[in-house]
Amino acid sequence: MSSRYNHRVAEPKWRERWAAAGIDRALSPEEAGGKPKAYILEMFPYPSGRIHVGHSRNYTMGDVIARFRRANGYNVLHPMGWDAFGLPAENAAMERGIHPKGWTYDNIAAMREQLKLLGLAIDWSREIATCDPAYYRHQQAMFLAFWKKGLVYRKKQKVNWDPVDNTVLANEQVVDGKGWRSGAPVETRELEQWMFKVTAYADDLLDAIGKLDKWPDKVRLMQSNWIGKSQGAKIWWPIAHAPDFLERTPEGQPCHARDPIEVFTTRPDTLFGASFLALAPDHPLTRAIAEHRPEVAAFIAECAQLGTSEADIEKAEKKGVDLGVRVKHPFDPNWELPVYAANFVLSSYGSGAIFGSPAGDQRDLDFANKYKLAFKPVVLPPGADAATHAITDEAFTGDGVCYNSQFLDGLPTKQAIARAIEELVKRGMGEATTQWRLRDWGVSRQRYWGCPIPAIHCAKCGVVPVPEKDLPVTLPEDVTFEKDKPGNPLDRHQTWKNVPCPACGGAAQRETDTLDTFVDSSWYFARFTDPNNQAAPFDPKLARYWLPVDQYVGGVEHAVLHLLYARFFTRAMRDCGYLDLPSGEPFASLFTQGMVVHETYRRIGREVPESNVEIAGDRWLERPTGFSLFRVGDRDTQTYRVVEQWLSPDDVEMREGKAYERGQDIPVTVGPIEKMSKSKKNVVDLDAFVQDFGADVARWFVLSDSPPERDVEWTAGGVKGAWNFVQRVWTLTEAHGRRAPRPGDAPPPEAGEGEALALRQLAHRAIQSVTDDIEHFRFNVAVARCYELVNAVAKLKGDGAGAVFARGEALRILSQLIAPFMPHLAEECWEALGGESFAAAAPWPKADPALAARTTVTMPIQVNGKKRAEIETPKGAAEPDVRAMALQHPAVKAFLEGVTVRKVIVVPDRIVNIVAN
RNA sequence: GCGAGCGUGGCGAAACUGGUAGACGCAGCGGACUUAAAAUCCGUUCGCCCAAAAGGCGGUGCGGGUUCAACUCCCGCCGCUCGCACCA
């Protein structure tokens with residue numbers, strides 16, 4: 001009498017047994033003995049509330065690797081923690097009148113239970129939360145150490161200000177000119193900021209990318225581009241003429257506005273093609289002139305209005321205004337050039353000034369043409385004729401040979417650059433330099449729920465570090481959040497804020513900014529190696545044992561932000577003596593997984609006439625209400641409707657291929673397939689799913705349908721496939737279980753022939769391919785191999801000794817192969833088949849080479865590239881034999897009638913191709 | 001605009017360093033079991049030609065090329081996705 005597999009009983013049972021046996025605990029280096037270590041880590045979650053099946057993919061992938069490594073004899077560290085500081089906690093506090101700490105810890109408690117439902121092989125004894133003073137006290141100590149080492153400094157500078165979140169953002173957190181969380185257009189403010197000197201490692205961060213050979217090329221490229229190294233020259237252009245008012249500041253002090261203007265260029269070889277200088281609208285000289293010249297001030301204002309989005313930039317015309325300043329050419333004091341302010345020059349790159357060489361740069365050319373500035377071409381493209389080559393509308397930006405360039409004439413571009421720099425240095429007009437796109441990391445955030453910056457401001461002593469003995473600087477808990485009181489509650493907290501100066505004892509104030517939460521996640525992987533250490537962030541010996549992380553798994557959205565910061569942090573920790581990690585690289589191997597996506601559903605709202613539709617960027621709004629709209633239908637039938645609300649998949653049912661609200665006749669708009677997210681409601685809650693189908697079905701499905709790096713769409717069909725598989729495996733296993741040969745039994749002679757032998761061979765080949773597929777992150781292919789094996793087991797009928805043995809062996813192998821993917825079902829099967837201890841603790845199966853190896857191969861025979869027949873040959877059959885067999889095959893003979901065989905190509909064990917005509 | 005990746009049945013996808021295209025799953029179709037449904041099991045499923053079978057022809061976005069042989073390599077297009085974006 002067979003029974004259905006009951007995940008509701010089996011799954012909790014095995015989780016309890018694993019926990020009781022402590023099999024997920026990482027061993028100390030001493031306990032591990034000669035075992036190699038494997039540190040497997042998924043990017044830790046922000047405790048936002050609840051987990052949905054979309055989150056589970058990331059953790060499941062890491063878990064497959066962790067379980068696989070453990071079965072292969074590694075000492076595995078697979079921990080979990082919480083990236084627990086951050087803005088959503090404060091927003092929740094404001095909305096609901098609760099404390100961020102309570103909200104965060106409640107979420108952690110709920111999400112921990114949910115993650116445990118998945119049956120992840122995690123060492124929960126190492127759990128950490130970044131908002132725990134036991135964690136962030138070490139972060140504060142490191143901050144002080146970095147400060148001492150010169151890797152932390154303060155700087156008054158223009159910052160990206162998010163007006164919605166009321167805080168500063170790092171450059172990496174500004175996407176398309178908008179805040180990465182709030183989506184609000186970022187404003188510019190001038191603020192005193194705490195900075196991390198990431199640029200101190202710019203060269204190393206860039207060079208070492210070349211050694212990260214187990215990172216996706218895409219991520220490596222993105223990091224290289226972000227660091228953005230350009231080699232070239234600084235050039236100083238002396239002022240020839242300038243308006244008189246530049247002699248003095250508005251206050252009457254002598255000023256430096258007559259200092260030479262510095263520009264950066266990668267192409268000093270084009271200096272003889274220079275036609276003008278252009279300054280950024282907010283270049284100091286532009287602003288100084290704007291004080292006196294209304295048209296310049298107007299131009300600055302106009303530029304400030306211009307958006308920074310793609311569309312704006314594409315449309316924006318190259319525009320400028322003559323500043324009335326003339327400069328001397330560095331190679332010819334008699335050659336004077338005009339200085340413009342121009343809208344296409346960025347103050348944030350280089351020195352915020354360029355020299356325009358129109359023949360060699362499209363923007364410069366557009367600008368010169370608009371303002372009728374004279375120029376000449378100075379780089380001759382390969383193959384062009386110096387007498388006729390001309391530039392009108394299209395610049396030549398490639399390499400060539402210099403002409404019209406005095407002492408540079410005849411030199412190819414690379415040599416000309418070197419020669420030009422040599423001459424600049426000789427004349428004291430410039431020098432070689434390297435320009436980086438990478439900027440230092442501003443870490444000050446004007447928020448409460450973050451790690452306090454351990455510094456005190458004293459009127460007498462300046463900025464003083466908090467003495468180490470006074471750490472941690474803990475967040476005060478008695479703060480209030482009210483919607484009508486914007487700003488940082490730490491600023492308002494008098495008893496916390498006002499403290500004596502550690503240096504002079506006088507009245508002083510604590511720093512009220514907190515650290516960017518990306519600081520918290522920049523070293524958590526090191527903390528996991530020694531999570532309960534009170535005295536230090538971690539024991540360098542333990543860190544040395546476990547680091548680098550052998551396999552890191554996470555979303556590609558962190559390709560620049562988190563991954564770059566973590567690489568900086570390990571270098572800084574190393575140089576401050578915390579960490580013995582010569583490479584400075586935290587993650588040896590990185591895998592960026594695809595998302596789980598799902599259809600979106602929207603309740604259909606009121607129709608809006610097209611005349612009231614306003615297009616705002618990529619969305620539609622209703623005039624004058626400003627309500628968001630969406631479009632229904634195709635081009636001919638399109639109508640606009642108000643977005644009423646997103647509907648959860650649970651509230652939608654399909655009837656005759658159309659979507660309706662559950663139990664009602666209201667049609668539902670099926671929207672695009674998007675990443676599962678709370679805001680679009682297209683999520684499938686994990687608890688409910690595990691209750692209905694089990695964690696194993698969720699795990700199996702998210703890995704089965706698509707390659708792991710690609711998105712996978714959550715569909716009812718996919719769930720069904722996984723569910724069927726679970727039932728099928730269990731039905732076959734249970735039916736076999738009670739007459740199973742025990743593991744290790746010698747095969748009876750009958751197992752060495754016919755179908756029994758074929759199944760044994762297939763099972764052993766499955767071991768080979770699944771092993772290889774897991775190693776190479778081809779989980780979807782591994783899944784397909786398991787299906788093949790199950791199909792073959794089901795197909796083998798009969799109760800003879802050979803069949804029973806082969807089936808028992810195949811099922812036992814199957815239970816082990818599925819163990820990393822579906823650990824609960826694997827245990828249930830393992831037990832039913834008489835296995836000892838746990839499937840999770842059993843060593844990974846080894847393929848018997850004699851069975852896995854192929855003794856015969858099926859070779860296709862082609863005639864003129866078209867397959868005409870197949871032959872069975874022994875593996876490794878000699879070429880003449882194969883050739884003879886092929887030529888004698890009746891089907892082949894028929895095709896060779898009346899033609900001459902010109903050539904016979906035999907690729908051993910693969911294919912035969914006969915060329916004939 | 002620059003850079004990267006991708007394009008294979010109705011759908012998700014396989015195909016090792018060029019060697020039988022479509023493994024495996026979903027959906028579909030036919031059948032068994034059942035009073036019926038669900039579940040399960042068996043068969044079938046790229047298109048076209050042929051009454052069927054055997055067999056043949058075509059087929060991996062489009063157009064060329066290299067090769068005995070191309071989803072795979074090269075050249076030129078088209079489309080989609082992602083990243084960066086006036087970076088001097």
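A note on names: the letters A, B, ... follow the listed sequences, proteins ahead of strands, and every chain is numbered from 1. Keep in mind that this is a model prediction, so the values were computed, not measured.
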Would you kindly check if the NZ (Lys) or CZ (Arg) of A/Arg868 is within the cone defined by 45 degrees around the ring axis of A/Phe895 and under 6.0 Å from the six-membered ring centre?
yes
Using Watson-Crick pairs (N1 to N3, plus N6-O4 or O6-N4) and G-U wobble pairs, both distances under 3.5 Å, which stems of at least 3 pairs involve RNA chain B?
B:1-7 with B:78-84, B:10-12 with B:24-26, B:28-32 with B:40-44, B:46-49 with B:55-58, B:61-65 with B:73-77
Hey, does [X] reach any base, or is it just sugar-phosphate, or nothing, if we go heavy atoms under 4.0 Å?
X: A/Glu870; value: base
X: A/Asn913; value: base
X: A/Phe701; value: nothing
X: A/Thr858; value: base
X: A/Lys234; value: nothing
X: A/Tyr787; value: sugar-phosphate

Using the side-chain heavy atoms of A/Arg363, tell me which of these nucleotides is nearest: B/rC68, B/rC87, B/rU20.
B/rC87
Among B/rC86, B/rU20, B/rC24, which is the nearest nucleotide to the side chain of A/Ile911?
B/rU20
Separation of the P atoms in B/rG12 and B/rA23, to the nearest angstrom
15 Å
Gap in Å between the two C1' atoms, one belonging to B/rC41 and one to B/rC57, rounded:
37 Å
Upstream residue (5' side of RNA chain B) when A/Lys866 and A/Asn791 are each assigned their closest nucleotide:
A/Asn791
With RNA chain B as reference, determine whether A/Gly865 or A/Val345 sits nearer its 5' end, using the nearest nucleotide of each.
A/Gly865
Letter per nucleotide, 5' to 3', of nucleotides 4-14 of chain B [B base touched, S only sugar-phosphate touched, - untouched; heavy atoms, 4.0 Å]:
S-------SSS
Who passes salt bridge (Lys or Arg N to Asp or Glu O under 4.0 Å) against A/Lys867, sequence neighbours left out?
A/Glu870
Could you list the residues that satisfy salt bridge (Lys or Arg N to Asp or Glu O under 4.0 Å) with A/Lys893, not counting sequence neighbours?
none
Which whole-number value in Å describes the distance from A/Leu762 CG to B/rA23 P?
16 Å
Figure out the CD/P separation between A/Glu788 and B/rA15, and round it to whole Å.
12 Å
Can you name the side-chain hydrogen bond (donor to acceptor under 3.5 Å, both in side chains) partners of A/Gln768, sequence neighbours left out?
none
Can I get a per-line list of side-chain donor-acceptor pairs under 3.5 Å for residues 701-718 of chain A, giving both atom names and the distance, sequence neighbours left out?
residue, atom, partner, partner atom, Å
A/Ser704, OG, A/Trp700, O, 3.4
A/Ser704, OG, A/Phe701, O, 3.0
A/Ser706, OG, A/Asp711, O, 3.2
A/Asp711, OD1, A/Met595, N, 2.8
A/Thr715, OG1, A/Gly718, N, 3.0

Between A/Phe276 and A/Phe375, does the ring centroid distance fall short of 6.0 Å?
no
Would you indicate whether A/Lys214, at its atom NZ, is surrounded by more than 12 heavy atoms from other residues, nucleotides or ligands within a distance under 6.0 Å?
no
